[in-house]
Amino acid sequence: MPLPLLETLNPEQRAAVTLPHASALILAGAGSGKTRVLTTRMAWLIQTGQVSPLGVLAVTFTNKAAKEMLTRISAMLPINTRGMWVGTFHGLSNRLLRTHWREAGLPQSFQILDSADQLSAIKRLLKSLNVDTERYEPKKVQWFINGNKEAGRRARDADADAYDEYSMRMAELYEAYDAQCQREGVADFAELLLRSYELLYRNEPLRQHYQDRFRHILIDEFQDTNTLQYRWLKLFAGPHTALFAVGDDDQSIYAFRGANTANMAEFEREFAHGNVIKLEQNYRSHGNILTAANTLISQNAHRLGKNLWTVEGDGEPIRVFNAYSDQDEASFVVDEVRALNREDVALSDMALLYRSNAQSRVLEHALFSASVPYRVYGGLRFFERQEIKHALAYLRLLTNPEDDGAFLRVVNFPARGIGARTLEQLADGAARAGTSLWQAACTGGGKVAGFAKLIESIRQATRDLPLAEAIDHVIEASGLADYYRADKEGADRLENLNELINAAALFSEESASADAVGAAVAPEASVSAETTQPELERFLAHAALEAGEHQAGAGHDALQLMTVHAAKGLEFHAVFITGLEEGLFPHEQSAHEENGLEEERRLMYVAITRARRRLYLSHAQSRMLHGQVRYGLPSRFLDELPEQVLLPLNRRSESAASPGYRAPAPMPRSQGQSGNDTGYKVGQSVAHAKFGTGIIIDFEGRGPDARVQVKFRDAGTKWLALAYARLSPA
DNA sequence: CCTCAGCTGTTTTTT
DNA sequence: ACAGCTGAGG
């Protein structure tokens with residue numbers, strides 16, 4: 001049957017999409033149309049009536065990928081995606097646990113701990129047990145617990161395998177931590193997965209139900225699955241389920257956090273049975289870039305084996321720049337970016353990549369001085385900001401007063417004169433009575449009881465309010481708003497709190513419209529619990545699980561700065577890979593890890609394959625590192641590339657930038673002055689043709705040609721731009 | 001309770 | 001270099 005869905009696919013892609021009802025492994029190289037195959041497969045299965053939308057389970061690692069998948073499916077098919085099980089491992093686990101909270105042994109309104117919450121919970125635990133935190137560092141304990149959970153191991157398993165006093169103690173702490181979480185009604189990220197795994201493992205009827213339901217399971221980025229995730233998938237797969245796993249072993253860059261590439265080989269043995277399709281045609285990059293990538297990765301011993309090709313020509317050579325210093329490297333990048341931008345390559349179509357976040361500072365500085373708009377990815381995310389976490393802690397306390405973590409976070413913020421002394425007594429009382437801090441506070445007196453009354457009154461006042469209004473009330477009544485209003489540095493934070501209210505309003509709106517269509521589609525009994533769950537609880541789960549999604553700041557044309565890890569899955573016209581020096585990339589730490597160098601090489605492979613047309617590789621002879629000048633050798637990865645595709649750039653002469661360019665000397669600053677002759681004032685709101693609205697934070701120079709440093713704030717993202725004074729009052 | 005000086009450890013990161 | 005945390009002192 002000639003389906004329009006399949007028309008634009010190449011033969012391999014089409015073969016993958018139209019595979020019969022059996023498990024298969026798709027080895028999809030970088031830029032080979034991986035997501036396209038996955039979503040088209042899903043659409044094809046549904047359109048040809050082989051499965052109903054509710055019989056599909058599709059799993060991804062990031063919310064972004066899940067959203068993308070749903071968007072593409074809606075574009076291909078006129079169906080409601082609501083009710084479909086498409087999401088991240090954690091999102092779907094949460095969904096399962098909310099539906100079957102009783103069977104899973106969780107309180108109905110359990111809260112989710114993000115990494116920071118988890119760490120503070122661990123610190124609190126260690127303190128209460130009087131553990132020596134020099135010997136048992138909180139971070140190490142966290143790492144131990146998560147590592148075990150991600151391998152599917154509970155405290156008793158860890159204890160059974162403990163070979164020395166240290167690991168036995170660690171296992172004890174793991175057990176105590178889980179007990180604390182259970183008491184407080186909270187679950188960390190790994191717990192969501194492990195708990196839902198155990199739920200299905202132990203509860204046969206439930207397992208049967210889901211295995212019967214899901215005829216097709218599709219998994220994206222399969223090379224990134226860890227042991228527990230793979231087992232989780234296998235539990236959902238019944239005898240009549242076909243698994244469709246898409247992945248690229250060469251792009252496995254998360255082994256350091258438990259991803260297990262061996263899962264791919266194992267999957268082939270257990271499920272695919274030789275049903276393997278390779279997608280090797282690359283639609284992204286020109287030939288030279290692919291040649292470089294192929295040659296580099298071929299030097300890894302542990303591979304399933306794959307070679308990318310393209311019908312495009314060789315394209316441009318890969319430019320290699322040898323800089324004197326990190327600053328020299330930065331100014332080279334600035335020159336090239338500006339030259340390309342003049343040739344009409346959008347800034348947002350260029351990426352500046354580095355191995356570690358610390359490297360961005362020098363680059364940012366150079367871009368800032370040259371007034372090149374840029375955006376750094378991977379900073380603090382919206383829901384991880386302190387003011388947001390404070391507000392959320394109040395909300396958590398409303399739904400689950402047993403949550404000691406939330407209690408401690410806000411009991412004295414804003415300050416209410418409840419100090420360490422008082423809290424110690426309260427904790428003692430709670431421990432003796434075997435209750436939560438909240439209960440101890442309710443029965444006690446003094447300032448602590450006052451806090452309990454405050455929370456109680458907020459609970460009464462917000463009971464019948466719509467979500468956004470309730471949050472607004474919490475922010476006011478808790479004193480958070482006044483606190484930040486009084487703080488002269490608090491304007492940004494206040495704005496973020498307002499943004500939280502907006503986010504809540506948006507959340508309500510979206511879930512309302514989704515419910516309206518959802519009701520018509522899936523009157524499935526087991527799912528009904530999701531919609532009856534209070535909106536506040538769903539919003540809190542959303543905030544914990546999608547902390548990164550609320551990232552504003554897109555929309556303006558800006559150069560993209562990020563780590564190589566963050567660049568996975570993206571593509572750009574031009575890519576700069578900086579800091580290609582031994583010790584940095586490959587990172588020296590990797591030398592001490594098993595197969596560490598191969599992972600670094602895969603990382604380099606990912607970096608190279610982000611580029612469509614132009615690729616720059618640069619290294620610096622000297623670099624400021626940990627406050628000292630370090631002299632590094634060029635990365636071995638440069639030697640591993642075929643010479644015929646490389647073009648060594650001499651400094652400036654062959655670069656596209658104007659010869660003899662010098663970064664302008666810094667002009668005298670008139671910091672904090674408002675009475676200058678530009679006609680503007682610090683703190684004034686201005687409009688810029690390109691960047692939108694912003695606030696002036698500084699001036700450089702004087703007169704009409706003075707440079708005005710403006711902070712263009714996109715909902716709290718760190719985004720600065722230096723603009724010339726072609727501004728108008730907003 | 002709050003502030004500031006001194007100490008420490010600095011890959012990558014999603015959920 | 002620098003951020004983030006701890007402990008002493010106001």
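Naming convention: chains lettered A, B, ... in sequence-line order (proteins, then strands); numbering from 1 in each chain.
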In whole angstroms, the gap separating P of B/dT14 from CZ of A/F383 amounts to 16 Å
| task | Assign A/I418 to base, sugar-phosphate, or nothing according to its heavy-atom contacts below 4.0 angstrom with the strands shown. | result | sugar-phosphate
Under a 4.0 Å heavy-atom criterion, DNA chain C is touched by chain A from C/dA1 to C/dC2
Pair A/H390 + A/Y483: ring centers closer than 6.0 Å: no
Assert: residue with more 5' nearest nucleotide on DNA chain B, out of A/H587 and A/A190, is A/H587
Whichever of A/L603 and A/N412 has the more 5' nearest nucleotide on DNA chain B, that residue is A/N412
Exercise. Using a strict cut-off of less than 4.0 Å between a Lys/Arg side-chain nitrogen and an Asp/Glu carboxylate oxygen, indicate whether A/D220 and A/K34 qualify as a salt bridge.
Key: yes
* To do: Determine, using ring centers only, whether A/F368 and A/Y374 are less than 6.0 Å apart.
  => no
For a quick check of understanding: with a heavy-atom distance under 4.0 Å over all strands, which category does A/S93 fall into, base, sugar-phosphate or nothing? nothing
TODO: Give one of base, sugar-phosphate or nothing for A/N357, where a contact means two heavy atoms less than 4.0 Å apart.
DONE: sugar-phosphate
Separation of B/dT15 atom P from A/K568 atom NZ, nearest Å, is 12 Å
TODO: Using a strict cut-off of less than 4.0 Å between a Lys/Arg side-chain nitrogen and an Asp/Glu carboxylate oxygen, indicate whether A/E134 and A/K140 qualify as a salt bridge.
DONE: no
inquiry  = Counting only side-chain nitrogens and oxygens, does A/T563 get under 4.0 Å of the OP1 or OP2 atom of B/dT13?
reply    = yes
Among the nucleotides B/dT11, B/dC1, B/dT15, whichever has the atom closest to the side chain of A/E600 is B/dT11
To the nearest angstrom, the CG-P distance between A/N146 and B/dT13 comes to 17 Å
Closest of B/dT13, B/dT15, B/dC2 to the A/F256 side chain is B/dT13
- Quick one: does A/S590 reach the base of B/dT12 with a side-chain donor-acceptor pair under 3.5 Å? no
Reckon A/E593 touches a base, only the sugar-phosphate, or nothing at all at heavy-atom distances under 4.0 Å? base
* **Ionic contact status for A/E499 with A/R385, cut-off 4.0 Å** => no
Any donor-acceptor pair under 3.5 Å linking the side-chain atoms of A/N496 with those of A/E387? yes
_If you compare every side-chain N and O of A/N63 against the phosphate oxygens of B/dT15 (OP1, OP2), does one of them come in below 4.0 Å?_
yes
message: What's A/A566 touching, base or sugar-phosphate or nothing? Going by heavy atoms closer than 4.0 Å.
response: nothing
Tightest non-hydrogen contact, residues A/L559 and A/A351, listed as CD1-N, 4.4 Å
Checking B/dT14, B/dT15, B/dT12 against the side chain of A/T88 (C-beta onward), the nearest is B/dT15
Would you say A/H90 stacks on B/dT15, if stacking means ring centres under 5.5 Å apart and planes within less than 30 degrees? no
Any chance CZ of A/F413 has more than 12 other-residue heavy atoms, nucleotides or ligands included, within less than 6.0 Å? yes
Here the distance between atom P of B/dT10 and atom CD of A/E588, to the nearest Å, is 12 Å
Using a heavy-atom cut-off of under 4.0 Å over every strand shown, decide if A/Y254 touches base, sugar-phosphate, or nothing. sugar-phosphate
| query | Taking atom C1' in both B/dT14 and C/dA3, what distance in whole Å separates the two? | reply | 23 Å
